[in-house]
Protein chains: 2
Amino acid sequence: MERNNKISKKIIERLTKYLKCLGNFSPDDYISSEEMGGLLGVTAAQIRKDFSNFIPAFQYNFGIRGKGYHVKSLTEALSQILGLHKENNLIIVGAGNLGGAILQEGGFIKDGFNIVGIFDIAKNKIGKEYRGIKVKSVYEIENLVKDTEVDIAVITECNPIAQEMADLVINSGIKSILNFTPMELKVPKNVAISHIDINSKLQELNYWKEKVKNI
Amino acid sequence: MERNNKISKKIIERLTKYLKCLGNFSPDDYISSEEMGGLLGVTAAQIRKDFSNFIPAFQYNFGIRGKGYHVKSLTEALSQILGLHKENNLIIVGAGNLGGAILQEGGFIKDGFNIVGIFDIAKNKIGKEYRGIKVKSVYEIENLVKDTEVDIAVITECNPIAQEMADLVINSGIKSILNFTPMELKVPKNVAISHIDINSKLQELNYWKEKVKNI
DNA sequence: TAGATTGTTAATCGATTAACAATC
DNA sequence: TAGATTGTTAATCGATTAACAATC
């Protein structure tokens, strides 16, 4: 079956914004594309277009003409698209400061994601505890994967071994990686990867701050 | 003077990649757009086009026809564009786990950026020390700004007060913010802001991992 | 029914790529 | 000079927006 309408990264990025925005409304409210667009700085047409990409798969419309979008239904639809209707298990590779922060700072990881393990390669980190989760050796990732589905590995090791960690994770059978290190990681085509590069973001911001000076 | 060629976010994003890639070569090497493109998964044409946007401002070409780009010169040009030729001072607002991680984990913040302060609103955090920097009250940001140029504020407070922190930072005269919280922050048009939203990134990845399954 | 707002089509805009003359 | 590779122009591709018929 040919999937003809190509979903772009930008569309998916916006879906997460829409979902977040909906959190500010009561489930039984109705919201129009116009209203939501105003809140998010996006055109109403874009929102409707974005949703329309998923109507074929869903077999029913997202909104009601003349009325808008039912907050609860739309939230459910978007959650479904983003795979948040089920629990997604993730592990953290690297029990350094960043790994600990992600685990401990309550607000970062929200509904739909469960942290099921934290791993490190350094002996002095193994055995430590974060939020009731004991740090284990990275060589035990394989064992965990045997009896627990692990959806995502978050790699926070910030040194030359990030690629090794990625390889290890992939060899254990994990199919997606969130890369928090400054390194570019090579992964096979059947593994999804996303990169949060703090230093690059700072560099970008550094460019834009010069531009806004003239406003 | 009309600036006719509009620099997009995507161009700036790619410049940071090019710069990172150059780090793997000796300063006196020459690299062609073809070679670099191969390494980064970008077309050679795109690289040349990206650079060409900045030639008018620089008054000289970035490359040498028949030879390629001189690593050192190109690195300098890109650094200049991204404002990395000078030191950029930044402060961290929020001495929680994430703030501490960014400060302590060596690899995250690199050349061109200096951390000149860390601030928190919670009394029990104030006075603690990270890498020799004492945590101060957020109400002292204003004082710091009086005698030290602060280019960027990294906001890591992960709770309802993020917007207050942003307002405070902006009122002190800081013109750009890296927002690490899950909240959308409102800022005036003359303030540059960039958002790293871990949860949104996880949601996006969650979508893409389902797609790659069928590869 | 009249008013409102969706879902969709066509038009516009912007970003990427291909091609090639310029030139090292 | 011949070969290589840039910088730039024109063609293509994709993403956004405007407009409107469908319909609640």
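Of the residues near DNA chain D, B:Ile55 and A:Ser8, the one whose nearest nucleotide (by heavy atom distance) lies more toward the 5' end is B:Ile55. The 5' end of DNA chain C is approached more closely, in terms of each residue's nearest nucleotide, by A:Lys67 than by the other of A:Ala45 and A:Lys67.
Each of B:Leu178, B:Val154, B:Asn97 was compared with B:Ile102 under the side-chain contact (heavy atoms from CB on, under 4.5 Å) criterion, and only B:Val154 meets it.
The base of C:dT5 is not paired with the side chain of A:Arg65 by any donor and acceptor separated by under 3.5 Å.
An OP1 or OP2 oxygen of C:dT17 is reached within less than 4.0 angstrom by a side-chain nitrogen or oxygen of B:Thr43. When the side-chain nitrogen and oxygen atoms of A:Arg48 are compared with OP1 and OP2 of C:dG7, none of them lie within a distance under 4.0 Å.
No engagement by A:Phe51 is indicated, since no non-hydrogen atom pair under 4.0 Å with the nucleic acid exists. At a threshold of 4.0 angstrom between heavy atoms, the contacts of B:Tyr69 are confined to the sugar-phosphate backbone, with no base atom among them. Counting non-hydrogen atoms under 4.0 angstrom, B:Lys10 reaches the backbone sugars and phosphates but no base.
Here C:dA15 presents its P atom at 17 Å from NZ of A:Lys9, a figure rounded to the nearest Å. Look at NZ on B:Lys49: it is 14 Å from C1' on D:dT6, rounded to the nearest Å.
No donor-acceptor contact under 3.5 angstrom links the side chains of A:Asp28 and A:Ser26, judged on distance only.
Using a cut-off of 4.0 Å between Lys/Arg side-chain N and Asp/Glu carboxylate O, A:Glu210 and A:Lys213 are scored as salt-bridged. The existence of a salt bridge linking B:Lys86 and B:Asp151 is confirmed by a sub-4.0 Å separation between a basic side-chain nitrogen and an acidic carboxylate oxygen.
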